[in-house]
Amino acid sequence: MSTKIQSIRGMHDILPGESGLWQKLEATLREIIQSYGYQEIRMPIVEMTELFKRSIGEVTDIVEKEMYTFSDRNGDSLTLRPEGTACCVRAGLQHGLFHNQQQRLWYMGPMFRHERPQKGRYRQFHQVGVETYGMDGPDIDAEIILMSGRFWKALGLKDVTLQLNSLGSQQARQAYRGILVDYLRQYEDELDADSQRRLDTNPLRILDSKNPQVQTIVAEAPRLSEHLDAESREHFDKLQDLLSRAGVPFEVNPSLVRGLDYYSRTVFEWVTEALGAQGTICAGGRYDALVGQLGGRATPACGFALGLERIIALLEQEQQSCQNAPHIYMASMGDAAAEHAILLCEKLRDQEPRLRVQVNCGGGSFKSQLKKADKSAALATLIIGEEELANDTVVVKAMQQQVEQKTVPQADILAEIKQIPGILDD
Ligand code: HAM
């Protein structure tokens with residue numbers, strides 16, 4: 001017996017009943033991002049594996065255990081992108097986008113990580129990301145944070161809070177790393193296996209361990225904020241000042257270190273309690289060293305990415321939906337009327353703003369056509385039978401209203417349906 005082929009664990013179809021809300025979310029984000037003067041960049045989904053190793057970091061969870069890596073037919077090691085920042089830097093370098101220029105870029109698309117799937121955590125998920133290049137002041141950090149704050153307002157999401165931290169310059173972080181390791185070594189036996197391993201590989205990650213015993217040890221650890229270099233300190237103070245003046249509340253979280261190695265100075269996350277364990281809906285920060293690390297001239301950079309599935313989950317919890325139902329369902333009786341209906345609907349679609357018009361295909365009884373019209377959730381049904389065909393008229397039936405259906409000349413259809421509430425409102 002053959003088994004049914006199913007989608008891959010952690011990778012989901014977005015079904016017709018759901019895609020309307022996705023489109024609405026995407027359109028809202030796109031509109032806001034573009035209102036800040038950002039340009040879209042579209043990158044391939046597959047890149048050389050080396051790109052992610054060199055940017056995200058060899059000893060991060062993503063590179064150590066989560067990448068979909070395979071050899072292609074030439075024997076090259078390729079990887080399905082686990083995130084977009086590295087790809088964006090690669091594209092910018094390849095096309096000379098960073099030469100004496102500032103860039104404000106954004107992208108949207110699927111990312112892949114072989115994580116343990118659970119609510120809010122998938123193996124294929126979608127991000128909208130924003131990346132900026134060539135600006136090293138706190139003004140641009142503030143800009144992208146204000147932009148992200150604007151998303152939640154526009155989407156009607158409350159109870160999303162902003163956490164901020166500064167990781168300092170790479171040199172300052174390196175010096176702090178030594179101080180942190182000296183402190184943690186005193187408690188090495190009390191750390192869990194993961195943290196013990198990270199003592200040698202990536203000790204800063206121990207700061208955001210979820211293990212309560214490790215958290216108690218970390219609570220007394222020397223603070224990164226006390227070892228910031230003067231420039232990073234000033235940058236961070238100015239950013240906080242700007243955000244306060246813009247009326248954006250935030251919390252400085254000294255254990256916010258992020259799971260990717262490329263960050264320096266500002267890091268931030270927008271978090272919510274409403275999604276359980278996977279509460280970070282948007283995250284990012286500065287990565288001033290990455291362009292240089294990947295072979296370019298030193299170029300300051302910062303950005304963020306948000307997880308669309310998590311935001312959709314929040315919108316659904318708020319009972320938001322969007323069906324993109326047709327405005328009009330076109331029913332007809334008889335072959336001649338059916339052919340005429342197709343041509344008439346083509347004309348209706350010539351109108352601006354464009355109407356969504358669904359034509360009944362495949363015939364069927366009057367009753368079954370009306371059932372389909374109901375199911376389509378159209379606001380109006382137009383009906384043409386032999387009589388209407390002969391008289392150049394059409395029957396207009398407002399679906400959600402308690403009003404009598406009306407027969408009108410075909411030339412007056414538009415004027416008639418414009419009276420129906422909801423049509424052409426969106
Ligand atoms: P990240 O924190 O790895 O950062 O991911 C950003 C967001 O993507 C997360 O906050 C979360 O909402 C969503 N996300 C991540 N993994 C999953 C998953 N397995 N399932 C569902 N959603 C997920 C980055 O990717 C950086 N590239 C962000 C950035 C851009 N930093 C600077 N520029």
Side-chain angles (χ1 to χ4, degrees), residues 8-12 14 25 29 33 38 41 43 47 51-52 55-57 60-63 65-68 80-92 103-133 135 140-141 143-145 147-148 151-152 157 160-163 165 167 205 208 256-272 274-291 299-314:
I8 292 163
R9 198 161 109 85
M11 303 199 183
H12 297 286
I14 296 166
L25 169 60
L29 298 175
I33 293 170
Y38 286 60
I41 179 166
M43 296 131 350
E47 298 272 0
L51 172 65
F52 302 114
S55 51
I56 297 170
T60 55
D61 284 351
I62 296 181
V63 170
K65 43 191 189 201
E66 295 171 2
M67 294 208 301
Y68 280 91
L80 296 185
R81 61 183 188 192
E83 58 109 44
T85 309
C87 314
C88 197
V89 172
R90 195 267 314 134
Q103 293 288 351
R104 286 175 161 89
L105 307 174
W106 71 277
Y107 51 84
M108 171 157 69
M111 308 291 161
F112 303 84
R113 296 183 194 175
H114 195 276
E115 297 193 77
R116 199 168 49 79
Q118 63 180 82
K119 183 172 172 254
R121 190 162 72 188
Y122 309 104
R123 291 183 173 172
Q124 174 174 326
F125 59 97
H126 297 78
Q127 284 186 343
V128 164
V130 152
E131 313 288 356
T132 74
Y133 300 94
M135 291 161 272
I140 190 69
D141 304 27
E143 175 175 295
I144 63 169
I145 292 173
M147 179 200 289
S148 46
F151 295 154
W152 323 136
L157 299 179
V160 186
T161 55
L162 174 62
Q163 304 213 331
N165 195 17
L167 302 179
R205 287 287 292 172
D208 72 356
L256 180 65
V257 290
R258 309 279 299 121
L260 304 95
D261 276 359
Y262 47 62
Y263 292 106
S264 51
R265 296 204 266 178
T266 313
V267 288
F268 65 92
E269 291 191 354
W270 288 93
V271 292
T272 170
L275 289 177
Q278 306 304 319
T280 306
I281 57 171
C282 175
R286 280 207 158 262
Y287 50 99
D288 294 332
L290 184 58
V291 176
T299 305
C302 73
F304 65 76
L306 51 84
L308 291 179
E309 281 77 1
R310 294 184 188 177
I311 296 174
I312 289 283
L314 286 179

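A quick note: this is a predicted structure, and the numbers were derived from the prediction, not measured. Remember, it's 1-based here, ligands and their atoms both numbered in the order they're listed.
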>> So which atom in Phe125 and which in Glu309 form the shortest heavy-atom distance, rounded to 0.1 Å?
In response: CA-OE2, 3.4 Å

>> Could you walk me through whether Thr85 and Leu260 satisfy the side-chain contact (heavy atoms from CB on, under 4.5 Å) test, starting with their C-alpha distance in whole Å, then the side-chain angles of each, then the deciding distance to 0.1 Å, before giving a yes or no?
In response: CA-CA 10 Å; Thr85 309; Leu260 304 95; over 6 Å; no

>> Do Ser264 and Leu167 have side chains that approach each other closer than 4.5 Å (heavy atoms only, starting at C-beta)?
In response: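 Ser264 vs Leu167: side chains apart.
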
> Any side-chain heavy atom of Pro82 within less than 4.5 Å of one from Tyr68?
Replying inline: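 Not touching, per the 4.5 Å side-chain cut-off.
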
> Can you tell me if Arg310 uses its side chain to pair, donor with acceptor, with the backbone of Thr280 under 3.5 Å?
Replying inline: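 Checking the backbone N and O of Thr280 against the side chain of Arg310, a donor-acceptor pair under 3.5 Å is found.
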
Short N or O contacts of ligand 1 with protein, under 3.5 Å, listed by atom name?
from: ligand 1; atom 1: 2 (O); to: Arg258; atom 2: NH1; distance (Å): 3.1
from: ligand 1; atom 1: 2 (O); to: Arg258; atom 2: NH2; distance (Å): 2.8
from: ligand 1; atom 1: 3 (O); to: Arg113; atom 2: NH1; distance (Å): 2.9
from: ligand 1; atom 1: 3 (O); to: Arg113; atom 2: NH2; distance (Å): 2.9
from: ligand 1; atom 1: 4 (O); to: Arg258; atom 2: NH2; distance (Å): 3.0
from: ligand 1; atom 1: 5 (O); to: Gln127; atom 2: NE2; distance (Å): 3.2
from: ligand 1; atom 1: 8 (O); to: Gln127; atom 2: NE2; distance (Å): 3.1
from: ligand 1; atom 1: 10 (O); to: Thr280; atom 2: O; distance (Å): 3.4
from: ligand 1; atom 1: 12 (O); to: Thr280; atom 2: O; distance (Å): 2.9
from: ligand 1; atom 1: 12 (O); to: Ile281; atom 2: O; distance (Å): 3.4
from: ligand 1; atom 1: 12 (O); to: Gly307; atom 2: N; distance (Å): 3.3
from: ligand 1; atom 1: 16 (N); to: Arg113; atom 2: NH1; distance (Å): 3.4
from: ligand 1; atom 1: 19 (N); to: Glu115; atom 2: OE2; distance (Å): 2.6
from: ligand 1; atom 1: 19 (N); to: Tyr122; atom 2: O; distance (Å): 2.9
from: ligand 1; atom 1: 20 (N); to: Tyr122; atom 2: N; distance (Å): 3.0
from: ligand 1; atom 1: 25 (O); to: Arg113; atom 2: NH2; distance (Å): 3.2
from: ligand 1; atom 1: 25 (O); to: Gln127; atom 2: NE2; distance (Å): 3.1
from: ligand 1; atom 1: 27 (N); to: Glu83; atom 2: OE1; distance (Å): 2.5
from: ligand 1; atom 1: 27 (N); to: Thr85; atom 2: OG1; distance (Å): 2.7
from: ligand 1; atom 1: 27 (N); to: Tyr262; atom 2: OH; distance (Å): 3.0
from: ligand 1; atom 1: 31 (N); to: Tyr263; atom 2: OH; distance (Å): 2.6
from: ligand 1; atom 1: 33 (N); to: Thr85; atom 2: OG1; distance (Å): 3.2
from: ligand 1; atom 1: 33 (N); to: Glu131; atom 2: OE1; distance (Å): 2.8
from: ligand 1; atom 1: 33 (N); to: Glu131; atom 2: OE2; distance (Å): 3.2
from: ligand 1; atom 1: 33 (N); to: Phe304; atom 2: N; distance (Å): 3.3

>> As a quick check of understanding, evaluate side-chain contact (heavy atoms from CB on, under 4.5 Å) for Met135 and Arg104, giving each step before the final call.
In response: CA-CA 10 Å; Met135 291 161 272; Arg104 286 175 161 89; 4.0 Å; yes

